[in-house]
Number of protein chains: 2
Amino acid sequence: MLPEPYDLLPTTARQSQTIAAGDALFRQGARTRGLYVLITGRVHLERVGPHGERLIIHRATSGTSFAEASVFSERYHCDAIVMDAGELVRIDKSAVLAAFANPDFARAYGHQAAQQVQAHRQIMEIVAIRRAEDRVMAGIVAGLLDGTVVDFAARLQLTHEATYRALRALVEAGRVNNPSRGTYRLT
Amino acid sequence: MLPEPYDLLPTTARQSQTIAAGDALFRQGARTRGLYVLITGRVHLERVGPHGERLIIHRATSGTSFAEASVFSERYHCDAIVMDAGELVRIDKSAVLAAFANPDFARAYGHQAAQQVQAHRQIMEIVAIRRAEDRVMAGIVAGLLDGTVVDFAARLQLTHEATYRALRALVEAGRVNNPSRGTYRLT
DNA sequence: GGCAGCATATGATTGAAATCATATTCCAGA
DNA sequence: TCTGGAATATGATTTCAATCATATGCTGCC
């Protein structure tokens, strides 16, 4: 099943495809066809700088959409390169634009987008915290430690080593519980 | 004038107010009234952690909206505290929800939200770059150095000292031009 | 015109996270 | 059941950005 709000679109608006590592889904300057929902695999969006530097714009992960803004644009403004093989669903630009006439879709889109913006803002505030221990604590309070510590560390823009050390310090300070290997909870 | 897409709403949906430092626009758990557009001043959104830690969720700046997700929620999930006095416009929740029935508003909202998400993703990728010099270069390529270097440094989550040093190194490496004090351009 | 405040700029020192290294546990799959 | 890979965990060392310090240029304003 597609994530909200794209589950509300008619099935004719979707087109599944498998992708192989190295594939380019689109290139900067190409006419936009729509947005994508990544089911499995990894995709990078990147732009090329004036001196040939590859600047990664976004790393799409399973279950998330990307290139949403292309729906409102004539041309893609970056390249989409498949890093790991997988599958995805392309969602037709015109179908999305048309769906905005449906208030249910429009509200679902708005809701989803507003939540995403909120989540991004919060992550950015947390990542702005300099001390690893404070950052990790904030991350836990924000509920970011749901999966593995390795994933958590990546979200906090810390190495996993620094994250483990901060977690241990927090446990020793009595601010966090470590009931079992790999699980940490607020006291 | 209000930023897109709120400029499309009827004037009856807006309510201007001046705000003083220390004011709480809303508190966590209060019934939602709508979102806000900050005209001047500074507002922090913050939540209180389980041990009383103040966790900043977002720092709103002039010309931007905040608490957008409250439109889709019954209760505010954080506090909004005025840091610097100024003025803002409150935008009625029900008016926004109703406006989603207008495809023009819905598309304008979607467009604005999609662009904002894109910008956030890009900033997060840039901030993830560890080396100050690479980070500053990426920031310039991304067009983030429009105002002062101090602002630029804050966006990159670097101190302005580190940013100046990186800029100088880039100039010395011939990757950036420094035509005059305080102005830097790609070569 | 003088002063206060801020941006620009750079040097010296410090500190904390990255990096490198290593060991153990856990889990999936052959 | 064995094996390989990843997550967990922590120690030692290094690196580089933060911090502290200082100076100058610019701007607004009283």
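The sequence lines fix the lettering, A, B, ..., with proteins before strands; numbering per chain opens at 1.
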ask   = Checking only heavy atoms, does the side chain of B:Arg165 share a donor-acceptor pair with the base of C:dT8 at less than 3.5 Å?
value = no
task = Whole angstrom is fine here: how far is it from CD in B:Gln157 over to P in D:dA17?
result = 15 Å
request  = Report yes or no: does A:Asn102 contribute a side-chain atom to a donor-acceptor pair with the main-chain N or O of A:Ala99 at less than 3.5 Å?
outcome  = no
query = Can you tell me how far C1' of D:dA17 sits from CD of B:Glu161, to the nearest Å?
reply = 10 Å
message = Rounding to an integer number of Å, can you tell me how far A:Arg181 CZ sits from D:dA7 P?
response = 12 Å
Residue closer to the 5' end of DNA chain C, B:Val150 versus A:Glu133 (nearest nucleotide) = B:Val150
request  = Would you state whether a donor and an acceptor, one from the side chain of B:Arg168 and one from the base of C:dT8, lie under 3.5 Å apart?
outcome  = no
ask   = Base, sugar-phosphate, or nothing: which does A:Leu167 touch, judged by heavy atoms less than 4.0 Å apart?
value = nothing
ask   = How would you label the contact of A:Thr159 with the nucleic acid (heavy atoms, under 4.0 Å): base, sugar-phosphate, or nothing?
value = base
key: Side chain A:Ser70, main chain A:Ser73, donor-acceptor under 3.5 Å   = no
query = Is there a donor in the side chain of B:His51 and an acceptor in the side chain of A:Thr187, or the other way round, less than 3.5 Å apart?
reply = yes
key: Whole-Å distance separating the OH atom of B:Tyr184 from the C1' atom of C:dT8   = 7 Å
ask   = So, do A:Leu88 and A:Gln17 sit near enough that their side-chain heavy atoms are less than 4.5 Å apart?
value = yes
task = Can you tell me the distance, in whole Å, between the CZ atom of A:Phe152 and the C1' atom of D:dT8?
result = 15 Å
query = What's the closest nucleotide to the A:Tyr164 side chain, out of C:dT10, D:dA9, D:dA17?
reply = D:dA9
note = Considering only heavy side-chain atoms of B:Ala162, the closest of D:dT8, D:dA17, C:dA17 is D:dA17
key: Nucleotide D:dA17, atom P - distance to CZ of B:Arg130 in whole Å   = 11 Å
request  = Return the value, rounded to whole Å, for the distance between atom CZ of B:Arg135 and atom C1' of D:dA17.
outcome  = 9 Å
B:Tyr76 vs B:Arg33, side-chain contact (heavy atoms from CB on, under 4.5 Å): CA-CA, chis, key distance, verdict = CA-CA 9 Å; B:Tyr76 289 109; B:Arg33 306 177 71 193; 3.9 Å; yes
message = Expressed as a whole number of angstroms, how long is the span from A:His160:NE2 to C:dC20:P?
response = 12 Å
